[in-house]
Amino acid sequence: MTVYFALYGLCAVFTLAMYLRCKDEKKRNRILCWAFFAVIFLLLALRHESMGVDLGNGRDNGYLRSFEKLSKLPWRSVLNNSFLNYEVGFRIYCKLIGVLSGADHQVFLAVTALVSLLPIAVVYHKLSRSPAFSYVIYLGLPVFLLQFSGLRQDIAIGLCALSLLCVEEKKPVRFLLLVAVATLFHKSAFVFLIAYPLYHIRLNHKLKIVSLLLLPLIFVLRTPLFLFFSVLFKPNAVPDDNGALTLFLVLCAVYFFCFVFSDESEEQSGLLNIFFVVCACQAFGGVYTGALRVGYYFMLVLPLLLPKVIAGMSAPQDRKVCTYLISLAFVAFSLYSIANSTWAEANPYYWFWEQI
């Protein structure tokens with residue numbers, strides 16, 4: 001865990017130095033945003049290829065071995081054959097990087113880290129009230145741990161995050177194009193299509209209260225609801241008990257906090273509507289892991305929503321206390337998740353040059 005403590009320590013020292021030395025808020029936020037991005041990118045790009053269950057660690061059906069095979073296939077086969085059910089966009093992506101890098105695993109991991117993280121950095125730079133705070137929240141979410149393992153979905157999530165710019169700017173055609181490209185890497189990205197109408201729907205106060213009551217109801221009825229939806233969308237889905245209760249309670253508490261302190265602006269209301277989907281998906285997480293993975297597409301709105309809600313508080317002291325307490329909570333949850341996650345294999349951390 002040493003590298004993760006060092007990550008947080010470095011970011012904390014740099015953030016403090018920037019607040020002491022740079023009084024221009026826009027410049028400070030810009031520098032902090034790209035500094036956090038650089039540190040997280042290096043962490044992912046320089047990791048050992050043994051980290052991450054889906055990478056395979058020598059298995060024929062892992063991402064790294066598949067990358068090798070795809071890079072050697074002729075273009076006709078890459079375009080026409082459904083290699084391990086990978087979407088065509090990801091097959092072309094692997095082929096291009098393989099040809100340019102000589103099928104080098106580390107280049108593949110580094111480029112994938114860049115492609116999946118850069119859109120998130122752009123969004124936080126343009127939309128966040130406090131990019132540093134947004135990154136602290138992001139690092140505490142399971143969508144960050146997915147960066148170690150779920151490469152196809154990581155790229156799709158990054159493209160969906162970028163489409164949030166189109167949602168806010170009311171550019172539906174660009175939004176549809178970005179989501180369409182995301183489905184070429186992971187077909188599940190089509191669920192993000194609901195983000196556009198959700199953002200622009202205005203719920204009155206009574207309906208927002210109803211949404212609060214719906215979350216515990218969904219959790220209580222999660223098993224019959226799962227069986228109903230699986231018949232409609234995925235008949236071969238099998239329920240699994242993955243113990244996602246803790247995060248569901250945390251997300252519900254965050255949803256309630258944002259509901260209470262939101263200023264009812266179009267921006268905050270829209271992000272809160274999207275965040276409701278995250279909580280609802282997490283309610284199903286206890287019976288089906290696939291529901292959690294669907295929620296990851298929407299999860300990146302939380303690092304945008306929380307800083308905006310806290311910035312809208314009238315009392316400066318309340319803003320400071322909430323920022324510090326929430327930051328500490330997400331740091332603690334991040335370190336706990338990293339230490340205990342088995343599917344991400346983010347701990348222990350190994351650099352690519354280490355012998356294992």
Side-chain angles (χ1 to χ4, degrees), residues 37 40-73 78 81-121 138-139 141-163 178-192 289-290 292-297 299-300 337-338 341-347 349-352:
F37 161 76
I40 298 171
F41 164 71
L42 290 174
L43 183 79
L44 293 170
L46 301 181
R47 74 189 190 276
H48 196 275
E49 63 182 50
S50 65
M51 300 176 68
V53 169
D54 291 345
L55 269 61
N57 196 15
R59 298 197 313 271
D60 284 341
N61 61 345
Y63 277 131
L64 295 179
R65 187 63 63 83
S66 299
F67 162 65
E68 291 178 9
K69 292 179 179 179
L70 282 166
S71 66
K72 296 174 183 177
L73 287 176
V78 171
N81 295 341
S82 182
F83 185 87
L84 292 178
N85 292 320
Y86 289 165
E87 291 78 2
V88 64
F90 186 73
R91 299 200 304 268
I92 294 172
Y93 173 81
C94 289
K95 176 65 175 178
L96 284 173
I97 298 176
V99 169
L100 295 174
S101 70
D104 186 279
H105 289 180
Q106 209 59 47
V107 172
F108 176 63
L109 292 179
V111 173
T112 302
L114 180 65
V115 171
S116 57
L117 281 174
L118 186 58
I120 297 172
Y138 167 73
L139 289 169
L141 297 172
V143 70
F144 164 66
L145 285 178
L146 190 68
Q147 294 278 359
F148 286 89
S149 186
L151 305 189
R152 285 160 53 226
Q153 193 174 9
D154 289 333
I155 297 172
I157 289 172
L159 291 168
C160 288
L162 196 61
S163 73
L178 278 169
V179 176
V181 174
T183 61
L184 297 178
F185 288 87
H186 205 286
K187 62 176 85 62
S188 63
F190 81 92
V191 299
F192 201 72
T289 303
L292 303 181
R293 301 287 285 261
V294 168
Y296 290 170
Y297 288 100
M299 197 170 279
L300 291 174
S337 300
I338 291 169
S341 174
T342 54
W343 60 269
E345 293 185 341
N347 181 58
Y349 183 91
Y350 298 107
W351 300 101
F352 75 90

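For the numbers below, each heavy atom of this structure counts, side chains included, while hydrogens, waters and symmetry mates do not.
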Once side chain to side chain contact (heavy atoms under 4.5 Å, CB included) is applied, do any residues pair with [X], and if so which ones, sequence neighbours excluded?
X    : answer
L96  : W75, I92
A110 : A45
P142 : L247, Y296, M299
S149 : V53, D54, W343

Margin query: List the residues meeting ring pair (Phe, Tyr, Trp, His ring centres under 6.0 Å) with Y350, not counting sequence neighbours, and say none if there are none.
Written below: none
Notebook entry, point to check: Quick one: ring pair (Phe, Tyr, Trp, His ring centres under 6.0 Å) partners of F144, sequence neighbours excluded?
Noted result: Y138, F148
Next item on the list: Keeping to residues at least two apart or across chains, list the salt bridge (charged side-chain N to carboxylate O under 4.0 Å, His left out) pairs with something in residues 104-115.
Entry: none
Next item on the list: Quick one: which residue pairs count as a side-chain hydrogen bond (donor to acceptor under 3.5 Å, both in side chains) with a foot in residues 88-100, not counting sequence neighbours?
Entry: Y93-T112
Rounded distance [0.5 Å steps], [atom1] in [X] versus [atom2] in [Y]:
X    : Y    : atom1 : atom2 : answer
H186 : L151 : NE2   : CG    : 10.5 Å
Y63  : L55  : OH    : CG    : 8.5 Å
I97  : F108 : CD1   : CZ    : 6.0 Å
Q106 : L64  : CD    : CG    : 9.0 Å
L109 : R47  : CG    : CZ    : 5.0 Å

Suppose we screen for side chain to side chain donor-acceptor pair (under 3.5 Å). Which residues come up paired with [X], at least two apart in sequence or across chains?
X    : answer
K187 : E87
S163 : none
E68  : H105
Y349 : none

Checklist line | Evaluation steps, side chain to side chain contact (heavy atoms under 4.5 Å, CB included), between D154 and V115 | finding: CA-CA 9 Å; D154 289 333; V115 171; over 6 Å; no
